Number of protein chains: 2
Amino acid sequence: MKLTVTKQELNESIQHVSKAISSRTTIPILSGIKMDVSHQGMTLTASDTDISIQSFIATEKDGKTIVEVHQPGSVVLPAKFFVEIIKKLPADEVEIEVSEQFHTLIRSGKSEINMNGLDPEEYPLLPKLEENQILSVPSDLLKSMIRQTIFSVSQNESTPILTGVQWQLSKGKLKLVSTDRHRLASREVEIEKHGDLEFKNVVISGKNLNELNKILPDQNVMIDMVVAESQVLFKLNHLLFYTRILDGVYPDTSKIIPSGFKTEMVIHTKSFMNAVDRAYLLSREEKTNIVKLMAQGNGVVEISSSLTELGKITEEVEAISYQGEPLKISFNSKYMLDALKVTDSEKIHIGFTGAMSPIVIQPEDHVQLLHLILPYRTTN
Amino acid sequence: MKLTVTKQELNESIQHVSKAISSRTTIPILSGIKMDVSHQGMTLTASDTDISIQSFIATEKDGKTIVEVHQPGSVVLPAKFFVEIIKKLPADEVEIEVSEQFHTLIRSGKSEINMNGLDPEEYPLLPKLEENQILSVPSDLLKSMIRQTIFSVSQNESTPILTGVQWQLSKGKLKLVSTDRHRLASREVEIEKHGDLEFKNVVISGKNLNELNKILPDQNVMIDMVVAESQVLFKLNHLLFYTRILDGVYPDTSKIIPSGFKTEMVIHTKSFMNAVDRAYLLSREEKTNIVKLMAQGNGVVEISSSLTELGKITEEVEAISYQGEPLKISFNSKYMLDALKVTDSEKIHIGFTGAMSPIVIQPEDHVQLLHLILPYRTTN
């Protein structure tokens, strides 16, 4: 194997695939990045068995030579050092040559690096997924759907299925749901291009979606999603992101969401969020994060928090509209802030069905995003 | 006590003094910030006994009212919550009122905070230092002197005196020296305004200097330095920074610095630093950081590092000038990088007196900055 490649493109690809490298792998070959070089270009692969990422660098881009292949071949190089050294090489071009026993020579300017490569035959093969059913979603939309749901996955490994986000596709609507039993986040969108595809128990771990979000671009480019039995593949130009589907059945959360409210209000997101944030500052000193919300029915909402040792904070926010019974409810202010932070809407609608029933937070202008928070049982 | 103060000025002062708050204090009153309000303005004080910081806010600034004092008085408020809540208050003005038993009411916009204040009489008094001997140093110069020496203080608490930087003033020259026995950093400047002041055993802990550097402005404003028996006071406008002087006698380091060299070279700082940095990336994989430097006398300097498991990296850098014997020496590349990073000079002079003697790094154009690194004993 012998090639010359531009440092910038090589570095970009390495940065992408390196997201799949785990520092705690028990399979030695997976601490490396696999390089496959053909006359079409070079493919980099990294995997921790849970996530696999593959990036392809074509020999030409916009009429410019990116990879000059002198001799095709494959090698696996130790990831950690490889990732860091490529970034810092002195010249714009990098020469890579593999000789017997996978000894690899990397040259750039006056830098010369000899690396002990590993046998690419030992590297596990990526799953072959049937690609006849494809779902296409714009990258920026996918990113924001993930951001709006990922924070409420469970951190508790004793119920592994809840550490993931549930993906459902039915009648052209893609819905993401996550819950840690104390709160729930749900985001739905209509998808134009979906074929006849339907699924409802595709659960992807929050950790993996976090890595996916790092490599999804913010632009409006289409991401193809291939859903197989135990794997989902996200395809973006020359980048493939494979993730395992979590085992188990995701609980039916549709019945938890209240349909009618005893009290409803519309309120400015920012002023409500800032008031909750200040009350949170006090509440977290005792790690309970408990904040109390009271409303008399005149549209003035009082948010307060108190700690015996430190003192008390009281905030007043004027609701834009208020309907229904007076209100007295306590909740985890951290959960409320998490939900408000991902609600990209100037005004929000909050619905209450009683001091012990879930609080429902939605943007005022649409219902495709929904956050649900269980209140705290407090004594007064 | 009752006053109104602009949020911005109050917040700035709080941010400054809060640098002295330790989360692990054993003296309860020191977990608070003391406020003293007189008709001249308000003074904030924080201390962890090692460092004390005091900030004064005058009633007027540039003809604008900053503090409106309705009733003078004092109180101590729990620092952590106070620091964070003031930053996030909704209005530009903050009203603070202390009633009996130091109950404190803070109001801003629709936010109302009741805090349990503490008795200011319990707060320790700051030392009174005699200010007849003052040294004046420009803030930006002081910052850079600290930055150039602080990194080589010892992290080993078993020799406390070496965890500090030694400050010496003799014949109008201020010199800072630090060493952890493996390397030494020294920076000297001529001071215009110093009176007859001389000292040589003023040792200030690196930790404290780090906090000082955070509040020193980057501009060329004068900092007055008052040196007393066990304390040093840095004065900047309305800000006072007190630090304890470390007990013990700093070792005499003047004899360690070689006076003549067997090999000398001048080299471009950046290309040398980048080459060492790449070799460091490999060397740190085994935590030794050992990098080898070889020169045959033709001006080409070879920097290399090798690990049995991973491979080898070889770099070549052309020296601008080279005099003396061929060279083969090993050193800790992290120490070399630390020294090079704070050398704000395009070219450096490196002097060697043998494979077992200290390496001396200085800017090519002046000798006021000096870094010394002890080489590694290696078998080949």
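In what follows, chains are A, B, ... by sequence order, proteins preceding strands, each numbered from 1. Bear in mind the structure is a predicted one, so any value in this text is a computation, not a measurement.
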Interatomic distance, A:L307 atom CG to B:N114 atom CG [nearest 0.5 angstrom]: 12.5 Å
Most contacts with chain B, counted as non-hydrogen pairs under 4.5 angstrom, among A:K312, A:H103, A:R284: A:K312
Student check: side-chain heavy atoms of A:K88 and B:D277 closer than 4.5 Å: yes
Contacting region of A:E315 [heavy-atom separation from chain B under 4.5 Å]: both
Part of B:T308 within contact of chain A (heavy atom distance under 4.5 Å): backbone
Max heavy-atom pair count under 4.5 Å with chain B, selected residue of A:R278, A:E316, A:E112: A:R278
Segment of B:E302 engaging chain A (4.5 angstrom heavy-atom cut-off): neither
Chain A contact via B:L89 - side chain, backbone, both or neither, heavy atoms under 4.5 Å: both
Atom CD of B:Q296 with >12 non-hydrogen neighbours under 6.0 angstrom: no
Largest heavy-atom contact set with chain B, pairs under 4.5 Å, which of A:E309, A:E318, A:M115, A:E84: A:E84
Within 6.0 angstrom of A:D92 CG, more than 12 heavy atoms from elsewhere: no
Gap between atom CZ of A:F81 and atom CG of B:L282 - 0.5 Å precision: 4.0 Å
Test log, rule side chain to side chain contact (heavy atoms under 4.5 Å, CB included), inputs A:K110 and B:V317: CA-CA 8 Å; A:K110 292 281 178 72; B:V317 189; over 6 Å; no
Between B:S271, B:P90, B:P78, B:G109, the one whose heavy-atom pairs under 4.5 Å with chain A are most numerous: B:P90
For chain B, the option from A:G311, A:S305, A:S111 that forms the most heavy-atom pairs under 4.5 Å: A:S111
Which atoms of B:E285 approach chain A - backbone, side chain, both or neither, heavy atom under 4.5 Å: side chain
Top contributor to chain B interface from A:I313, A:N116, A:T104, A:I113 [non-hydrogen pairs under 4.5 Å]: A:N116
